[in-house]
Amino acid sequence: MAERFRPFSPGALVWPGALVWLGVAALAALLSALALGRSFSADPVLDAIIRRDGVAPRILVSILAGAALGFSGALLQRVLRNPLAEPATLGIASGAQLALVLATIHAPLWLATAREGIAATGGLAAVALVLALTWRRGLEPVSVVLAGMMVTLIAGAIAAAAILADGRYMMSLFIWGGGALAQQSWGPATGLALRLGLAVGVGALLIRPLTLFALDDGAARSLGLSLTRVRLAAVAVAAGLAASVVSEVGVIGFVGLAAPALARAAGARSPAGQLVWSPVIGAVLLWATDGAVMLLEARGIAGLPTGAATALLGGPLLLWLLPRLRMIERPPARAAAARDLPRARPGLVLAGLSLLALGLVLAALTLGRGPAGLHLATGTLFADLLPWRLPRVMVAAAAGAMLAAAGAVMQRVTANPLASPDVLGVGAGAGLGLALVLLGLDLPSTGARLAGAAAGSAAVLAFILAIAGRSGFGAERLLLAGLATAALANAVLVAVIATGGFRAFELLGWLAGSTAAITPGDAWIAAGAALLLILPLGLAGRVLALLPLGAPVAQAAGLKVGRARFLLVLLSALLTAAAALHVGPLGFVGLIAPHAARLLGLRRPQGQLAGAVLIGIALMVAADWLARMAAFPYQLPVGLFASILGGPYLVWLLGRGRHRRS
């Protein structure tokens, strides 16, 4: 039911919610007072300068940046009718970051005069691409988030490759990319204040149009609303504001997603209420987080980016409030009909995918670059190179198959087309488990690393599904829980990496994804794990067909739902952990492959699973071959090419969808 138009009242927050955020604000004020009262040196004059030009503007920047991100997220979620829309999920932050990273490395002089323009150009280009790819599908939430994630992955992979390729900027850019609020003047605070004030002014003019977005498109148009103009205006304001934050302090994720959700959980229902309280909550959240970071710095613990630390505070808070969260009401839309998908003969599609995967494997084993350029290895040369190339190809193929299978199973178990190892935090959980093993053991074995990664991924996935089962979450709530958990796990990883040291650089290389150091033993372990874990899924076709229909229907058909879900969740966690151990957190392959298989016409569980596995193999083998070939003799991250290959293909398939009319 569409919500009624009602004027905004200052009492939009219920008392418990208001008291919670009043308490958080009091804590933030206390932490700021401690930071301002801290002694930085033995010279009182120097201390006064640091407080005036460093600490005080940093406090104001944290408040303004949090408010800007909260306002940006509220605008995007309302105008796109999508509770998962925010600067990070729509690619705005990653586009701005990529533009600034490339400018920092290749044209640093531009940053002195055109920093804002560079960031805004990157952010607007990213969100424009997302909207263009999903416009024909009526900007439906699933398509928008999928396209946004793909743009984010591609931009992030290119930025990571650029950082890794230029050692002079690697760690400083990595920390900046996590959101570093340290200041040396009042300039950034002044600029953010002006832009936030302008955005709030425009937002005030959009209150009534945003309220009408609760209606279906036809009803809104009958009342004189130009949907396209309002959407473009709101997205432009939100993207420009988010890009300004990125240009000043780096990427601060999660605030734009969490602040509007927390505002709704606290009682803000109307568009006006959300546009007022989302920036307030975003400001308080980032203010308190940065205050805690400054307190840690005073205790000698430095290097933790504030943007990453935000998830450490906001993630648990969002998970705690999620059962009481009211989602954005979206007008009813026709479900995707069978005619929206291409009709295909599953046998021919699978045969074609098999030939593609086999051809790419043969190309990876025979084609290469040497001092004389591109060559085709045959005969003795092929035999000499096979021991070097075969392990990499085996690991890439096995990892692609396992990630694709894990994603297909997760989407069936959760009845959620956005479920994947990275979206639900399973990949980040594997990294967290691996980090604990690396920090706890001096020389961890492969078995210990695999056990740590498996335990981390299983714990995260079980936690997410336990929350969903206990609270009866829908698809969007489950995704919010997964994104919050993933942000929390990633924040811990960033904190470990920011400390530096050998383990930190090992984790950084793992995050980028690489098969350069693969041994024959690793290859056989990966291949064995893939066969052992994927083959049993071939017998689960009936289970995978019944689970998306809901527990009552599945139980009526004689399925023991609890046991089936437990076994499939365990298999998904093991598949993700075994793949992540060898190639890093490339869990988005688990998102791309099942969708690509379905969009190719493979709709039945076993056909979709087989197609997803073949697509995963082809994608990862091709990505590994390109990583080996592109900058020979140097090795580039596999994740870069997996994103570049898989992302555009998926968004192209999404773009083929027919326009939806209400």
Side-chain angles (χ1 to χ4, degrees), residues 157 161 164-165 167 350-405 443 445-447 449-450 506 509-510 512-535 578-584 586 589 593 610 613-646 649:
L164 289 172
L350 291 176
L353 291 175
S354 300
L355 290 175
L356 175 63
L358 180 59
L360 288 171
V361 168
L362 292 176
L365 291 175
T366 56
L367 286 176
R369 285 181 62 184
L374 189 67
H375 68 268
L376 178 66
T378 57
T380 304
L381 180 60
F382 175 78
D384 292 339
L385 292 175
L386 190 62
W388 299 95
R389 293 179 178 175
L390 182 60
R392 293 186 58 159
V393 173
M394 288 176 63
V395 166
M402 287 189 286
L403 291 171
L443 294 173
S445 63
T446 300
R449 294 175 186 234
L450 178 59
E506 187 173 350
W510 176 81
S514 175
T515 58
I518 290 298
T519 65
D522 295 331
W524 287 111
I525 291 174
L531 291 174
L532 183 65
L533 297 174
I534 294 176
L535 288 179
L581 179 65
H582 293 98
V583 298
L586 303 181
V589 175
V613 166
L614 291 171
I615 292 171
I617 292 172
L619 177 60
M620 286 299 296
V621 169
D624 181 65
W625 181 73
L626 289 173
R628 173 164 52 92
M629 295 277 290
F632 179 84
Y634 303 103
Q635 303 289 324
L636 294 178
V638 177
L640 167 65
F641 293 99
S643 301
I644 292 175
L645 289 174
Y649 178 65

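The structure displayed is predicted, hence computed values, not measured ones. Positions are given from 1, in the same order as the sequence printed here.
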TODO: List the steps, then state whether side-chain contact (heavy atoms from CB on, under 4.5 Å) holds for Leu365 with Phe382.
DONE: CA-CA 8 Å; Leu365 291 175; Phe382 175 78; 4.1 Å; yes
Open item on the list: Measuring from atom CE of Met394 to atom CG of Asp624, what distance do you get when rounded to the nearest 0.5 angstrom?
Closed with: 13.0 Å
Open item on the list: Nearest 0.5 Å, please: how far is CG in Leu385 from CG in Leu381?
Closed with: 4.5 Å
Task: Residue from Val583, Thr519, Ile525 passing side chain to side chain contact (heavy atoms under 4.5 Å, CB included) with Val395 - done: Val583
- [ ] Step by step, work out the side-chain contact (heavy atoms from CB on, under 4.5 Å) result for Leu353 and Ile615.
- [x] CA-CA 7 Å; Leu353 291 175; Ile615 292 171; 3.9 Å; yes
What are the two closest non-hydrogen atoms of [X] and [Y], and how far apart are they?
X	Y	answer
Ile518	Ala523	CG2-N, 4.4 Å
Pro391	Leu386	CD-O, 3.9 Å
Ala593	Ala404	CB-CB, 3.6 Å
Ala398	Ala530	CB-CB, 4.0 Å
Met620	Ala396	CB-O, 3.1 Å
Ala357	Ala618	CA-CB, 4.2 Å

Open item on the list: Measuring only between side-chain heavy atoms, which start at C-beta, is Leu356 closer than 4.5 Å to Leu614?
Closed with: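 No, every pair of side-chain atoms sits at 4.5 Å or beyond.
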Task: Residues Leu367, Trp625; criterion side-chain contact (heavy atoms from CB on, under 4.5 Å); working and verdict - done: CA-CA 9 Å; Leu367 286 176; Trp625 181 73; 4.0 Å; yes
Task: Expected output: side-chain Arg392 to main-chain Ala364 donor-acceptor under 3.5 Å - done: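 It does not hold such a pair.
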